[in-house]
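Each chain gets a letter, A, B and so on, in the order its sequence line appears, and its residues count up from 1.
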There are 2 protein chains.
Amino acid sequence: MDVDTRLLRYFAAVAQEGTLTGAAQKLFVSQPALSKRIRHLEEDLGVRLFVRSRSGMTLTEAGRELASRVPALLDEWDEAVRAAGRAARVLRLGFLDAGAVEAVPEVVAEFRHTQPEWRVELRQFDWSEPSAGLGRGEVDAAVVRLPFPGQERFTVVELFVEERGVLLPARHPLANSETVEWRELWDEQFAATGPETGAWREHWLAVDERDGRPVRVGAVTRRPDEWLGAVAGGCVALAPTSVARFYAHPGVVFRPVHGVSPSRVGLARPRGRTHPAALDDFLEGVVRRLGRT
Amino acid sequence: MDVDTRLLRYFAAVAQEGTLTGAAQKLFVSQPALSKRIRHLEEDLGVRLFVRSRSGMTLTEAGRELASRVPALLDEWDEAVRAAGRAARVLRLGFLDAGAVEAVPEVVAEFRHTQPEWRVELRQFDWSEPSAGLGRGEVDAAVVRLPFPGQERFTVVELFVEERGVLLPARHPLANSETVEWRELWDEQFAATGPETGAWREHWLAVDERDGRPVRVGAVTRRPDEWLGAVAGGCVALAPTSVARFYAHPGVVFRPVHGVSPSRVGLARPRGRTHPAALDDFLEGVVRRLGRT
DNA sequence: CTGCTTCTATAACCTGGTGGCATGGACGTG
DNA sequence: CACGTCCATGCCACCAGGTTATAGAAGCAG
């Protein structure tokens, strides 16, 4: 019996979530797709894994048995991938937006001299995973925007802060102002990330800085293009200043905002996982170059 | 990083075999397919796993790291599948040819009374795996033809013996004889199974009963249709008598053969793997019904 | 040197699995 | 009784993964 590990992740998500609909949106697939896939898994195994009801999916005994083993399997697989990466002398650094890692190439260049046999790989992750691949163990370290969900499971060093501004549709009345007051934006429709991103989402909606004024979410996006598209389509979104340097989109303008807190960029790494000395070297370089201290 | 477990099996095979070509035929896929898939795996991982050369594929350090973990992963997955099967009260019985399990349905019917909540599932395997799924842990027990490779890893009970005859093309000169002498067939082209089936292949070519006369293999097949097709196309093949009852093919006839040993049918099960009591019940029934003692 | 063998890589093509959208059906709830 | 919230189904589009045929590289035998 062969399966895709992705299918196992699907299964684990449904098992944990208890509903197809819920799991589907966590996984960013459609509910029918998930439904079909899970059914297909059951057929392959020749075993019913869930009892379906109007209230959701409940694990059968067989399902529980499987659910109790799958997470460990997935972890071991991810660990095997990391081990192979270490053996190949590859350091993987996750990131979410080009702005946060703007100065990293210089660190890499320098690192290449001190550790010539190592290679650094930068991997971008979408915003469904604000941990930039750390959560699923796909990277050795990540440059992240703080705070992010699951942060307590990692060692985090704050690197620098960056003012936040706003992305506006070019035809928006405020698009002509030099700068914008945060309170002027409270009633706008925001482009946000998915609910699974918790405090991260809230930080980018600045819910703590609205005097309790409710948030209006006009679009859920998880990658820069969707995001800019949503803004071009009429939404607004808070964004770090560096966005203006890295992304251009006709119909979208960036304006500084007064009265909203800055974005904090941090370096995160797994707590206490064995890692090569070269990783320390490299990360030290990152902190030295990007850190404000 | 998600992968299909089949890809992991591919990788493990190449790692063990040392050449793509060799692994490909063990896996019954084409060499280009395997080549592409392995390359794809390397790209996904961002890591080179093999060094290619004219003499084959040698693992890199990263490859060795991966190769050291993958087999255990696959085992755990297979075990998880078995565990789910047990939890769902499913007994899986592997078999190779319908003739060997001819009487099993009666055992199943009886078993349904004593253990009504259990279900028995018969799964047919192709002849690339003479252990009928036991080797890869896909079944709880199997009705097999003895001897088969890997047999020593299982507990085997011999059930009954069945005379062997020969499948001949209908236009073959011997097709009109009532019975055939084994020595008359020595120089025919035989339809055989793949080389990976070892002693099993040799038993069906009866290499020990040819007075050292070399075997001529005219076709390699792994399922009944291919097999009968090969015979219709001019090959001959030894076959258990029950074949005549289960398979019909225009252009193929079955004749008894004098001078060749019979086929022994056995019941095999994993040694010392934990298993439900119902399995014992069922297998006892099988032995009682099919066994000659 | 040439031709043969034995590897892997590439090209062109086909199929089926997987996902998306729209919609249906079952069943509590207000 | 209409509505909301689940999961299932039908239809369509796309691409990963398979096939065969062929090329390319490199030892080895004569």
Enumerate the residues from residues 40-62 of chain A whose closest heavy atom to DNA chain D is under 4.0 Å, giving them by residue number; use none for an empty result.
A/R52, A/S53, A/R54, A/G56, A/M57
What is the distance, rounded to the nearest whole Å, between atom [atom1] of [X] and atom [atom2] of [N]?
X     : N      : atom1 : atom2 : value
A/I38 : C/dG17 : CD1   : C1'   : 15 Å
A/L7  : C/dT18 : CG    : P     : 8 Å
B/R37 : D/dC15 : CZ    : C1'   : 13 Å
B/D2  : D/dC15 : CG    : P     : 19 Å

Interatomic spacing from CZ in A/R89 to CD in A/E117 - rounded to 0.5 Å
4.5 Å
Atom CZ in A/R92, atom CG in B/L45: separation rounded to 0.5 Å?
7.0 Å
List the steps and the verdict of ring-ring contact (aromatic ring centres under 6.0 Å, His included) for A/W204 and A/W127.
CA-CA 12 Å; A/W204 289 100; A/W127 307 332; 8.7 Å; no
Sequence-distant partners of B/E65, salt bridge (Lys or Arg N to Asp or Glu O under 4.0 Å), two or more places apart:
B/R69
Between the main-chain N or O of A/W186 and the side-chain N or O of A/R213, is there a donor-acceptor pair closer than 3.5 Å?
no
Just checking, any donor-acceptor pair under 3.5 angstrom between side chains of A/T21 and A/T19?
no
I'd like to know whether CD of A/Q16 has more than 12 heavy-atom contacts from other residues, nucleotides or ligands below 6.0 angstrom.
no
A/K36 (side chain) and C/dG17 (base): donor-acceptor pair under 3.5 Å:
no
Residues of residues 13-34 of chain B with any non-hydrogen atom less than 4.0 angstrom from an atom of DNA chain C: list those, numerically ordered, please.
B/T19, B/L20, B/T21, B/Q31, B/P32
Can you see whether B/F28 has B/R222 sitting over its ring - NZ or CZ less than 6.0 Å from the centre and within 45° of the normal?
yes
